[in-house]
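Let me begin by presenting the structure, written as structure tokens, before commenting on it.
Keep in mind it's a predicted model, so treat the numbers as computed, not measured.
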Amino acid sequence: MEVIDELDKKILTIITQNARIPFKEVAELCGVSRAAIHQRVQRMFDIGVIVGSGYQVNPKMLGYNLCVYIGLTLERGNMYKQVCAELEKIPEVVESQFTLGAYAMIIKMYAHDDKHLMHLLNTKIQAIPGVANTETLTALDESINRTLPIEHPEWQ
């Protein structure tokens with residue numbers, strides 16, 4: 001694994017706070033050239049430090065009024081990859097985690113309303129071979145949504 005240095009950390013801190021900031025401004029804040037910022041950011045993409053980019057869309061603005069987390073119990077834990085492949089076919093499923101504990105998997109999913117949620121559960125999620133049981137938790141409000149801090153005072 002390649003290491004990131006202090007300049008990389010400073011760049012990450014700036015761009016994670018404002019992904020739309022021009023590289024010219026990042027360069028000025030870091031005291032280096034715009035080309036150096038571009039090269040560093042590209043390198044961090046290449047080595048897997050930065051794993052995504054783009055815009056986040058508010059699901060409610062598209063009519064998805066319910067956000068739910070669903071715990072999945074599988075018939076066998078080794079069915080995880082097959083179940084995951086089927087979950088990928090459901091556009092409303094936006095996140096999937098293979099977990100330890102009460103559930104083999106936890107997924108995050110959006111639905112327009114209760115009727116849409118019931119349809120997704122009954123005809124899509126619970127119909128996947130290997131899914132033995134589901135438990136749905138409805139999110140009422142998203143209180144925190146952030147990326148991990150690049151540096152934390154307690155770590156030093």
Flag yes if more than 12 heavy atoms outside [X] fall under 6.0 Å of its [atom1] atom; otherwise flag no.
| X | atom1 | answer |
| --- | --- | --- |
| K24 | NZ | no |
| R34 | CZ | no |
| E95 | CD | yes |
| L62 | CG | yes |

For the hydrophobic clusters of this structure (ILVMFWY residues joined by side-chain heavy atoms under 4.5 Å, transitively), does one cluster hold both [X] and [Y]?
| X | Y | answer |
| --- | --- | --- |
| I4 | F45 | yes |
| I50 | L29 | yes |
| V49 | I21 | yes |
| V51 | I47 | no |
| V83 | L121 | yes |

Before giving the answer on salt bridge (Lys or Arg N to Asp or Glu O under 4.0 Å), spell out for K10 and D5 the whole-Å C-alpha distance, their side-chain angles and the decisive distance to 0.1 Å.
CA-CA 9 Å; K10 188 170 185 179; D5 63 16; over 6 Å; no
Which heavy atom in [X] sits nearest to a heavy atom in [Y], and how many Å separate them?
| X | Y | value |
| --- | --- | --- |
| K89 | P91 | O-CD, 3.3 Å |
| H116 | Y110 | CE1-O, 4.5 Å |
| A104 | F98 | O-CD1, 3.1 Å |
| T73 | A102 | OG1-O, 4.3 Å |

Rounded to the nearest 0.5 Å, what separates atom [atom1] in [X] from atom [atom2] in [Y]?
| X | Y | atom1 | atom2 | value |
| --- | --- | --- | --- | --- |
| L87 | M105 | CG | CE | 5.0 Å |
| K60 | L66 | NZ | CG | 8.5 Å |
| D8 | T13 | CG | OG1 | 10.5 Å |
| M118 | T123 | CE | OG1 | 11.0 Å |
| T136 | Y69 | OG1 | OH | 13.0 Å |
| I15 | T147 | CD1 | OG1 | 10.0 Å |

Note, [X] side chain near [Y] side chain (heavy atom, < 4.5 Å):
| X | Y | result |
| --- | --- | --- |
| V41 | I37 | yes |
| L74 | N133 | no |
| T138 | C67 | no |
| R146 | I144 | yes |
| N65 | D113 | no |
| M44 | I11 | yes |
| I125 | L72 | yes |
| I70 | L137 | no |

Side chain to side chain contact (heavy atoms under 4.5 Å, CB included), that's the test. Do Q42 and D46 meet it? Break it down for me. CA-CA 6 Å; Q42 185 59 53; D46 293 344; 2.9 Å; yes
Only residue of K124, M109, K108 satisfying side chain to side chain contact (heavy atoms under 4.5 Å, CB included) with E92 is M109
### Task
Indicate the ring-plane relationship of H112 and Y64, choosing parallel, tilted or perpendicular according to the 30° and 60° boundaries.
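Ring orientation, 0 to 90° scale: parallel.
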